[in-house]
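Here's the structure we're looking at; comments come further down.
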Amino acid sequence: MHIKTKMIGAALTAALLAGTSVMASAETLRWARAGDSLTLDPHSQNEGPTHALAQQIYEPLISPDMEAKPIPALATEWSVKEGNPNVWVFKLREGVTFHEGQDFTAEDVVFSFNRAKLESSDMKELLVTITEVRAVDDYTVEMETEGPNPILPNNLTNLFIMDKGWAEENNVTEPAEFDDGEETYAVRNANGTGAFKLVSREPDTKTVLARNDDYWGIDEFPMEITEIIYTPIQNAATRVAALLSGEVDLIQDVPVEDLQRVADTDGLKVENAPQNRTIFFGINSGDDDLENDTVEGANPFADVRVRQAMNMAINREAIQQVVMRGQSAPTGVIIPPFVNGWNEELDRYPAADVEGAKALMAEAGYEDGFEVTLHCPNDRYINDEAICQAVVGMMGQIGITVNLVAQTKANHFPLISGKQTDFYLLGWGVPTFDSEYVFNFLVHSTTEDRGSWNGSRFSDPEVDAMIQSLGSEVDLEVRNQTIADIWQKVQDEVIYLPIHNQVLNWGMKENIDFAVQPEDQPHFKFLQFN
Amino acid sequence: MLAFIIRRVLQSVVVLLVVGLVAFSLFRFVGDPVDNLLGQERTIEDIDRVRSELGLDQPFPVQYFRFLQGVTQGNFGVSFRQGRPVADILAERAPATLELAAVSALFAIVLGITLGVYTAIRRDGWLSNFIMTSSLIGVSLPTFLIGILLIYVFAVELGWLPSFGRGETVQIGWWTTGLLTESGLKAIILPAITLGLYQMTLIMRLVRAEMLEVLRSDYVKFARARGLSQRSVYFRHALKNTLVPVITITGLQLGSIIAFAIITETVFQWPGVGLLFINSIQFVDIPVMASYLMLISVMFVVINLIVDLLYFAIDPRLSASRGGGH
């Protein structure tokens, strides 16, 4: 009933809109991707498709653009407070209203940040350093952090602002908890300040958005779309068929096997861009003995020569050509190019050299090789299982017999967090575009709040101290030097075996002018028809 | 007959409890939902907190018991994936699956019986042979391949029918139907054929075999000798006597049509419970998986019961022998 009333409302709105002459023409965009947003509650899931939909309806203070560079959204300018490096000051945009008409003020920002910091929020990890958010006046907000936090703004690009009054009225002042037993209003309803308004929502089936004609940026962005119909289509073949048959206009997640097909079809094209995600192997170098190998009483991975040998044995170009059909960028470091700390030197990967690798293995005393188990997901990254199969063969060439265990992501990832695997595949994106994020999760020793994904068991108090210093170093030059030093250590120790950066492919109608966003997050206010 | 029903219902409850127990013991192997729930930025502390919040740190018999406790109070729990009560989600999704199942069952029965009778009567006609041969495709090709083929031909190449979804739906009370709109009717054709093709072939072959059997029997010869019209012989005498096994199979197949709609729904992005189940497995959404499995087993049990009762109605000999006591 609820949905129906909304649909009638939408029909009326559409009729009214059609009556006015504001619009030159009505342009509907039918958009499909593999997964649906999990919830419209902007703080209860920190997940790609969920944020991608929320970005159309809600807005953060600072928004990523189509190149994932931060641009002003609800904040117009921001800076560290003079005289106090622990405080960031945000000037808010004036004259912005929410879709239901409420005015946007500093109080909404304070409310939203406090909501996102609650226990039941999935966004709280990005805000741990914030101790207080306060409104100075209606359009100025100050955020106080534990120590100086030079990259705080980078953490805010998916931190959406809700209206305080709306949240209180609808009893959604907290993000939904898993054991609440009830659905909260914010799960299927939304009231943001974004370029599109929610018209109707059927989870996993169809979501309809309409252009927000009162949007503050209506003259600043192309804003050519009047209506978005978003349908998740899980099956890859069906998704491609829907594009080929003209039932949808734009799809994300084009499978690599079908790229040529789509590109060759009249009226369709494929756009691509390097994705913010690096695929790599983790190896347990920290433990004294391994559970999943045949070497008794010792850990062969603890020897840096073995790790170097493995790194040299991997033929990244072959993986790119054969497994990925050219759709990947081989790399020698576990961050993509747009992340602060990346440079070409780091990105250079060793040429495949089986003889050299064998020599190193012999030097380390493993000329006869050993057996080890490799854990791999089979439904998470592009061709993940096939990458692992290729690597099994490459390891075999230097005497390491690999038993491959490929399984669903829900079984795979707990092995890494539970430290139950010694050799595994993992992919990692860097939403903050700064190396510190990678270090915190993948390089720092595992403690209560850091190193939760460090399956390499690498642990070095000196490196840990360097990583911690990044959080509060205000001198950017010193900070970047520390980042470079940590990378040097990571590379020298061969803690991880980088493979490649994924490439994103979006298939679309030829008359659409839209670049692929590295976070796989379309911002439809930028889309143009030609 | 009442005693029979009561006995069957009691048996059914035991079956359901066992299904639930097996399901819960298997959920451990599906994976850990915590990673899906928390995303990339979780800490070890978060994992422990959520696990105990959801009761995932308990052994599976305890989890099962809690689930049963909820169910007896009409509470199926909250979906981990969507954050909404499972009962609401299932109620929202059920109409799509039930409509699809009903249409494909109708397709299978009508076409299956018609073709079955036809191929039995015109045993050696070229059309019969063609139907029999091509029906092999129906039984031998896997569902997802048939679905993809149909999409390729009718949606991509010919552009006649939609490749995914349910089209426009109309809301009647809590039920949504796609059968009242043009786009809804168009959308159901391909999935219904995909889902019903195997059943249609099965029914057709069964009807044909039974018909051939019956047509050789004495009473059909007598009926012919009495000078009854062909039509009357075939449809009043012969067909009616083939129906007992056909009903059994159709009944059981109706259950599997609903249960195996999973694959068809995934291929066509049909927003029913099967697609929901697949999504839930990938996410390890235990409350939804458990409720779905229980629901499907309830359905099978009920269908079996109905089929048994139908025997009484169709075949008077059964009720006579039961009535005679054991």
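This structure is a prediction, so every number in the text was calculated from the model and none was measured. By convention in this document, chain letters (A, B, ...) are assigned in the order of the sequence lines, proteins followed by strands, and residues within each chain are numbered from 1.
- Only the side chain of B:E157 comes within less than 4.5 Å of a heavy atom in chain A; its backbone stays farther off.
- Salt bridge status for B:D88 with A:R188: absent, with no side-chain N to carboxylate O gap under 4.0 Å.
- Closest approach of A:L38 to B:F283, counting heavy atoms only: CD1-CE1, 4.0 Å.
- B:T176 places none of its side-chain heavy atoms less than 4.5 Å from the side chain of A:E202.
- Contact of B:R93 with chain A is made through the side chain alone, with heavy-atom distances under 4.5 Å.
- Annotation: maximal heavy-atom pairing with chain A below 4.5 Å, among B:Y152, B:F268, B:W270, occurs at B:Y152.
- Using a 4.5 Å cut-off between heavy atoms, A:S37 makes no contact with chain B at all.
- The closest side-chain heavy-atom distance from A:N235 to B:I148 is below 4.5 Å.
- Atom CG of A:N171 sits in a sparse spot, with 12 or fewer heavy atoms from other residues, nucleotides or ligands closer than 6.0 Å.
- Contact count versus chain B (heavy atoms, under 4.5 Å) is highest, among A:A242, A:A236, A:P232, for A:P232.
- Contact of B:I47 with chain A is made through the side chain alone, with heavy-atom distances under 4.5 Å.
- At a 4.5 Å heavy-atom cutoff, the contact between A:S417 and chain B is made by backbone and side-chain atoms alike.
- For B:K186, the NZ atom counts as loosely surrounded, since its 6.0 Å shell holds 12 or fewer non-hydrogen atoms of other residues, nucleotides or ligands.
- Other residues, nucleotides and ligands contribute only 12 or fewer heavy atoms inside 6.0 Å of the CD atom of B:E182.
- You'll find the side chain of B:N279 reaches within 4.5 Å of the side chain of A:D204, heavy atoms only.
- Ranked by heavy-atom pairs under 4.5 Å with chain B, the list A:L244, A:N46, A:T447 is led by A:N46.
- Heavy atoms of other residues, nucleotides or ligands lying less than 6.0 angstrom from OH of B:Y64 number more than 12.
- Residues B:T169 and A:K206 have side chains not in contact (no heavy-atom distance under 4.5 Å, counting atoms from C-beta outward).
- The line from OG of B:S163 to CD1 of A:I233 is 6.0 Å long, rounded to the nearest 0.5 Å.
- The nearest pair of heavy atoms linking A:V187 to B:R84 is CG1-CG, 4.0 Å.
- A donor-acceptor distance shorter than 3.5 angstrom exists from the side chain of B:Q269 to the backbone of A:Q234, with no hydrogens or angles considered.
- Of the listed residues A:D36, A:T408, A:T39, A:T231, the one with more heavy-atom pairs under 4.5 angstrom with chain B than any other is A:T231.
- In terms of heavy-atom proximity, B:A155 sits nearest to A:E247 at CB-OE2, 4.3 Å.
- Residue A:V240: no heavy atom, backbone or side chain, is found under 4.5 Å from chain B.
- With sequence neighbours left out, the ring-ring contact (aromatic ring centres under 6.0 Å, His included) criterion links A:Y424 to no other residue.
- The two residues B:F80 and A:Q45 make their nearest non-hydrogen contact at O-NE2, 4.4 Å.
- Heavy atoms from other residues, nucleotides or ligands lying under 6.0 Å from CH2 of B:W160 number 12 at most.
- The backbone N or O of B:V267 sits less than 3.5 Å from a side-chain atom of A:T238, completing a donor-acceptor pair.
- In this structure, the portion of A:F441 lying under 4.5 Å from any heavy atom of chain B is its side chain and not its backbone.
- Interface remark: A:L243 contributes no atoms to any contact with chain B (heavy atom separation under 4.5 Å).
- With chain B as partner, the option from A:R450, A:M123, A:R261 having the largest number of non-hydrogen pairs under 4.5 angstrom is A:R261.
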